[in-house]
Amino acid sequence: MKLNKKTLFQLHSWIGIKLSILFFIVCFSGTLATLSNEMDWLFYPAIRASGEGERVPYNQLVDQLQEAYPEGAISYWLMPKESYLNDIVYIDLQGQRYYVFVDPLSGEVKGDTTVTFQRFFRDFHYYLFMPFYQIGYFMVLIFSFFLAISLVTAVMFYKKWWKKLFELKSGNGKLMFFRSLHRLIGLWSLPFAILFSLTGIWYFVERTNLGKVSDISNPVPPGLDNSGENQTGRFAFSYQVDYDKAAQVAKEAIPGLQIRGIVPTNDVNKPIYFRGTSHVPLVRNRANRVYLDPLSYRPVMVQKAEDIPTVMYLNDIADPLHFGNWGGLSTKILWFLAGLSLSGLVLTGIWIALKRQVKKAGVKPMGRWKYVNWIIALVITGFMYSFMILRYSLSWQPLVVVGLLLGLISWLSWYIFVFRLQKTSRL
């Protein structure tokens, strides 16, 4: 097939129009995920750090957690690098996970929730709440290829595009304005579109284990044999670990380690897992790993970010580059604006196509794909509600709020893309 200008435009339009609703869902959920920690800060007062000072000992925090949740078990302990956020400790209690906010400066347990905005939007963007057979994962990842094709066809279609970086035409009606705006936003969003598509394609490579990328990037934790030792009950052991001693050993194993996460164990035959940042920039926390025997606190595996192979390094920079959290709040905001731009491209693209439809009788840009998009969107909504009810155990109030928001979004979509366009066509 000859890739002439018409073919390039048709390919670009097919992706942006036929898959517009799903494309928008993927882009917009990822956009919200970039500032999800900040949403937690806004809506959960308990997550807000109290101020500056020194961290209290880990064991003191654990004592407070055990007092508040005596029948629970610590499954993960997150120390955000954002100074305005408290520690988040995952407590498993009677089949339910609680996200517990602990002030590391005062040692107080501030509160808990069964879901955070960060967890909600990460689940949403990672797999659209559709975990079965990894369908959701691959639905999202396939859009990385679509995004790459869209940007390549756009650059090839718009000749000498670099001369149009500051060109915004506003004459000859709204159609001309939105076409010019669509092109302008697309050009300025191009570096981010390249970055998002490349990191998304890398996730696809990891998920499918092409070239054994996943095997290299995700080493199997070492096994232990403490079966002959005196073991405590499953729910008590994670509280009995000497975290101060374990943290000291981890820091000695990796000089300069700033601990950002602890994966405790409730099984003496599984190690305690520390991870965090060091002098190596850009990589995510798990590039540095220290596994300790939970009884002797002896290091059984140490991974330093400075020594990891190239494949693992690429894998560990994918998340910071994709979500923009490598440079703090400033890069998060920049990535958020870039995500809004890409989401806006989807909306302006479908508006332009529908505007052309009302000018040309019989032309239906989405055709039957409209039903495919809406059916999948409804399925995603169904899974989302099942997660909110069964996994997050939310009360009826947030369920109603989410329903009202979805209703408002649906009404606005109908009003802008159907009612207003049809009304203008009759004038």
Side-chain angles (χ1 to χ4, degrees), residues 47 54-81 85-112 119 218-278 284-304:
I47 202 176
E54 295 293 328
R55 288 186 64 95
V56 301
Y58 292 102
N59 291 342
Q60 182 178 330
L61 296 175
V62 173
D63 289 341
Q64 295 297 317
L65 288 166
Q66 186 174 17
E67 182 179 342
Y69 307 90
E71 299 300 321
I74 303 174
S75 60
Y76 184 55
W77 188 340
L78 174 65
M79 299 91 171
K81 64 180 179 181
L85 298 177
N86 284 328
D87 287 6
I88 306 173
V89 182
Y90 298 13
I91 299 287
D92 294 333
L93 178 62
Q94 297 178 352
Q96 177 65 56
R97 169 171 292 175
Y98 291 87
Y99 299 86
V100 182
F101 308 124
V102 184
D103 189 332
L105 306 181
S106 68
E108 296 180 80
V109 175
K110 293 293 189 177
D112 63 46
R119 183 70 272 154
N218 302 287
V220 178
L224 301 172
D225 185 10
N226 289 323
S227 56
E229 302 292 337
N230 183 25
Q231 300 184 32
T232 57
R234 177 181 183 276
F235 290 103
F237 189 75
S238 62
Y239 288 138
Q240 295 181 359
V241 171
D242 187 340
Y243 289 93
D244 292 325
K245 180 178 180 180
Q248 183 60 38
V249 173
K251 290 179 179 180
E252 291 173 357
I254 302 181
L257 176 68
Q258 294 183 5
I259 298 172
R260 295 298 181 190
I262 305 175
V263 182
T265 180
N266 289 292
D267 182 346
V268 295
N269 291 310
K270 294 181 180 180
I272 308 170
Y273 168 26
F274 285 81
R275 57 188 182 182
T277 56
S278 61
R284 57 186 167 184
N285 295 334
R286 71 182 192 183
N288 293 287
R289 310 177 190 222
V290 180
Y291 293 92
L292 304 178
D293 186 309
L295 298 181
S296 67
Y297 302 102
R298 172 181 57 87
V300 292
M301 176 180 169
V302 177
Q303 172 188 295
K304 299 179 181 179

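These values consider heavy atoms only, across backbone and side chains, with no hydrogens, waters or symmetry-generated copies. Since this is a predicted model, take the numbers as computed values, not measurements.
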Donor-acceptor pair, side chain of Tyr297 and main chain of Asp242, under 3.5 angstrom:
yes
Given the rule in the side chain to side chain contact (heavy atoms under 4.5 Å, CB included) test, do Ile272 and Tyr291 qualify, once you have shown the distances and angles that lead to the verdict?
CA-CA 6 Å; Ile272 308 170; Tyr291 293 92; over 6 Å; no
Working note: Tyr58 + Val241, criterion side chain to side chain contact (heavy atoms under 4.5 Å, CB included); need CA distance, chi angles, decisive distance, verdict.
CA-CA 10 Å; Tyr58 292 102; Val241 171; over 6 Å; no
Out of curiosity, Tyr239 OH to Asn266 CG, how far, rounded to the nearest 0.5 Å?
9.0 Å
Point-to-point distance, once rounded to the nearest 0.5 Å, from CD1 of Ile91 to OH of Tyr69:
7.0 Å
If we only count heavy atoms from C-beta on, is the Pro299 to Leu292 side-chain gap below 4.5 Å?
yes
Between Thr265 and Lys270, is there a donor-acceptor pair closer than 3.5 Å when you use the side chain of the first and the backbone of the second?
yes
Shortest non-hydrogen pair, Asn218 vs Arg286, comes out as OD1-NH2, 3.0 Å
Flag side-chain contact, heavy atom, 4.5 Å: Ile88 against Phe101
yes
Scanning both residues in full, the closest heavy-atom pair of Lys304 with Pro255 reads NZ-CD, 4.4 Å
So which heavy atom on Gly107 is nearest to which on Leu61, and how close?
CA-CD2, 3.3 Å
Taking side chain as C-beta onward, heavy atoms only, is Pro294 less than 4.5 Å from Leu224?
yes
Side chain proximity check, Leu65 to Val109, heavy atoms < 4.5 angstrom
yes
d(Ser75 OG, Leu93 CG) to nearest 0.5 Å is 11.0 Å
Can you measure from CZ (Phe237) to CD1 (Ile74) and round to the nearest 0.5 angstrom?
11.5 Å
Nearest-0.5 Å distance that lies between atom CG in Asn285 and atom CZ in Arg275
6.5 Å
Looking at Ser238 and Ala73, what are the two nearest heavy atoms and their distance?
OG-CA, 3.6 Å
Asn86 side, atom CG; Asp103 side, atom CG - distance, nearest 0.5 Å:
4.5 Å
Within the side chain of Asn288, is there an N or O that forms a donor-acceptor pair under 3.5 Å with the backbone of Gly276?
yes
Assess whether side chain to side chain contact (heavy atoms under 4.5 Å, CB included) is satisfied between Lys245 and Gln248, documenting all intermediate values.
CA-CA 5 Å; Lys245 180 178 180 180; Gln248 183 60 38; 5.8 Å; no
For the residue pair Ala287 and Gln303, what are the closest heavy atoms and their distance?
O-NE2, 2.8 Å
May I ask you to check whether Tyr99 and Tyr90 place their ring centers less than 6.0 Å from one another?
yes
Considering all heavy atoms, the nearest Leu105-Glu54 contact:
CD2-O, 3.6 Å
Taking the side chain from Asp87 and the backbone from Met79, do they hold a donor-acceptor pair closer than 3.5 Å?
no
